[in-house]
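What follows is a set of notes on a single structure, which appears directly below.
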Amino acid sequence: MEYVSPEGLRLDGRRPMEMRQIRAEIGAVSNADGSAVFEMGNTKVIAAVYGPREVQNRSQQINDQALVRCEYSMANFSTGDRMRKPKGDRRSTEISLVIRQTMEACILTHLMPRSQIDIFVQVLQADGGTRSACINAATLALADAGIPMRDIVTSCSAGFLNSTPLLDLNYVEDSAGGPDVTVGILTKLDKVTLLQMDSKLPMDIFENVMQLAIEGCKAIANYIREVMLENTKELEYRRGI
Amino acid sequence: MVMELEEEGEKLVTPGEVLGKSSSLIAGKGTYLAPHNHIIYASLTGRLTTITPPDSKDQRPTVEVTGHKAYGAVPEPGSVVIARVTKVMARMASADIMCVGAKSVREKFTGIIRQQDVRATEIDKVDMHFSFRPGDIVRALVLSLGDARAYYLSTAKNELGVVSAESIAGAIMIPISWTEMQCPLTGQTEQRKVAKVEWLAEFNFSVIVLPIVSDVVADALVWIPHGTCISCSKTMLY
């Protein structure tokens, strides 16, 4: 099947180096300490952060830093066919672990000993790149909750089909069976916190694809920073400062 | 691409933005110092403020970022807290911390006051049941994060101890000395480790005016407030 036409257009009309349209909204869940909705094309994800609060399970308490917990689940209606088991299956457990490790690397956990930070991520619409959308939504939600972080973590995926590196794969391109590299970086510090890949790639092509994904991450980070500043200005305006 | 708001020299920052080098700035709240390259970064989204240094040896200004989400206060060692006593046992008392400084907490924390931390003198002769009762509101100092179950609190200062307590009859008692409180309904005195409250010294009641006598207990921890209205039949003399 042809994923990149001879004119250089993908199945949804994008160029190979073009990302899908991103949209973010802060404060969707008023009950949570911090929350955000993040959309990448048709993929829509909502994240809610509770914390720092007292650890509910005393045995898991860490004396000198905060405990970060993460739960990833997909809504029943998020995929084309209705999902039977939204969470608890292997894929959800793996993605929960991945998101937790990524966010734990950027939160300054030593500032909140003996406390717990819960990150709940729910996929409302799944069209490829849910892992990346979840990490971006979690970053926004953590910043909304006022939890101190080293830097903003953003994530983007890239693949390699028809001998072309493609940025931000959607579901059809993802299910093609080709390589899918997901990168999560701390943008200003230029450090990688997440790197995952499906399938195989030769080493030199892998470096190109990873670099493309990193460029995508930086573009998302710029957008996320704008959204955060806009939100802060709005909050100040409402408080009358 | 990143919008900066210049208003009175302050701007909005997001996590990860570079604020300066550690050779020219001190990292305050909302910022952190990366050890490997000695650069100070912001860790919160909010307004950046620079505090000019006091006249000390270190002339570097402090940078702070104030975020907009004020999450509940967390007790730190050295902070003064208000707690309600829940259990009194032979060698310690359990209390629920309700306020840290002037801020109330979002969810309660547990603290314990051990026998040796109730007061500063004669600590082995302390009787916990004559110092606290369940339901008393105490002002205490956080000694440390304590063990896995509770913070360690101390009331071993004049201004720490019971600030409000209910008598057996059900009325709010009036403090009459650092060891006693009196019920206004029945006149009965009950023993507590009472905190010295500043405002008591300024009250003027016309009924009884008491002199301050302080020659009794060795460390002069006895205090009797001026002009406290107590039951008419008693005059406090030590």
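In the text below, chain A, chain B and the rest are named by the order of the sequence lines, each starting its count at 1.
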Is the shortest side-chain N to carboxylate O distance from [X] to [Y] below 4.0 Å?
{"X": "A/D118", "Y": "A/R69", "answer": "yes"}
{"X": "A/R239", "Y": "A/E234", "answer": "no"}
{"X": "A/R238", "Y": "A/E236", "answer": "no"}

Using non-hydrogen atoms and a 4.5 Å limit, figure out which bit of [X] sits close to chain B: side chain, backbone, both or neither.
{"X": "A/Q61", "value": "side chain"}
{"X": "A/I152", "value": "both"}
{"X": "A/R58", "value": "side chain"}

Practice task
Below 4.5 Å from any heavy atom of chain A, which atoms of B/V13 appear? Answer side chain, backbone, both or neither.
Solution key: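 It is the backbone, since no side chain atom gets that close.
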Practice task
Go through the atoms of B/L145 and report whether side chain, backbone, both or neither lie under 4.5 Å from a heavy atom of chain A.
Solution key: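 For B/L145, backbone and side chain are both near chain A.
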Problem - Donor-acceptor pair between A/S96 and A/E71 side chains, under 3.5 angstrom - result: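 Note: A/S96 and A/E71 side chains miss the donor-acceptor criterion.
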Exercise for the section: For A/R114 and A/N63, test the side chains for any donor-to-acceptor distance below 3.5 angstrom and give the result as yes or no. Expected result: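 There is such a pair between these side chains.
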Problem - Neighbourhood of chain A inside residues 28-38 of chain B, taking heavy atoms under 4.5 Å as contact - result: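 So the qualifying residues are B/Y32, B/H36.
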[X] side chain near [Y] side chain, heavy-atom distance below 4.5 Å:
{"X": "B/C99", "Y": "B/V81", "result": "no"}
{"X": "B/Y151", "Y": "B/I97", "result": "yes"}
{"X": "A/K44", "Y": "A/V37", "result": "yes"}

Problem - Heavy-atom pair count under 4.5 Å with chain B, highest-scoring of A/D144, A/I107, A/I224, A/T187 - result: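 So the answer, after comparing A/D144, A/I107, A/I224, A/T187, is A/D144.
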Handout entry: B/R114 charged N/C atom sitting above B/Y152 aromatic ring, 6.0 Å / 45°
Key =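 Because its charged atom sits under 6.0 Å from the ring centre and within 45° of the axis, B/R114 does stack over B/Y152.
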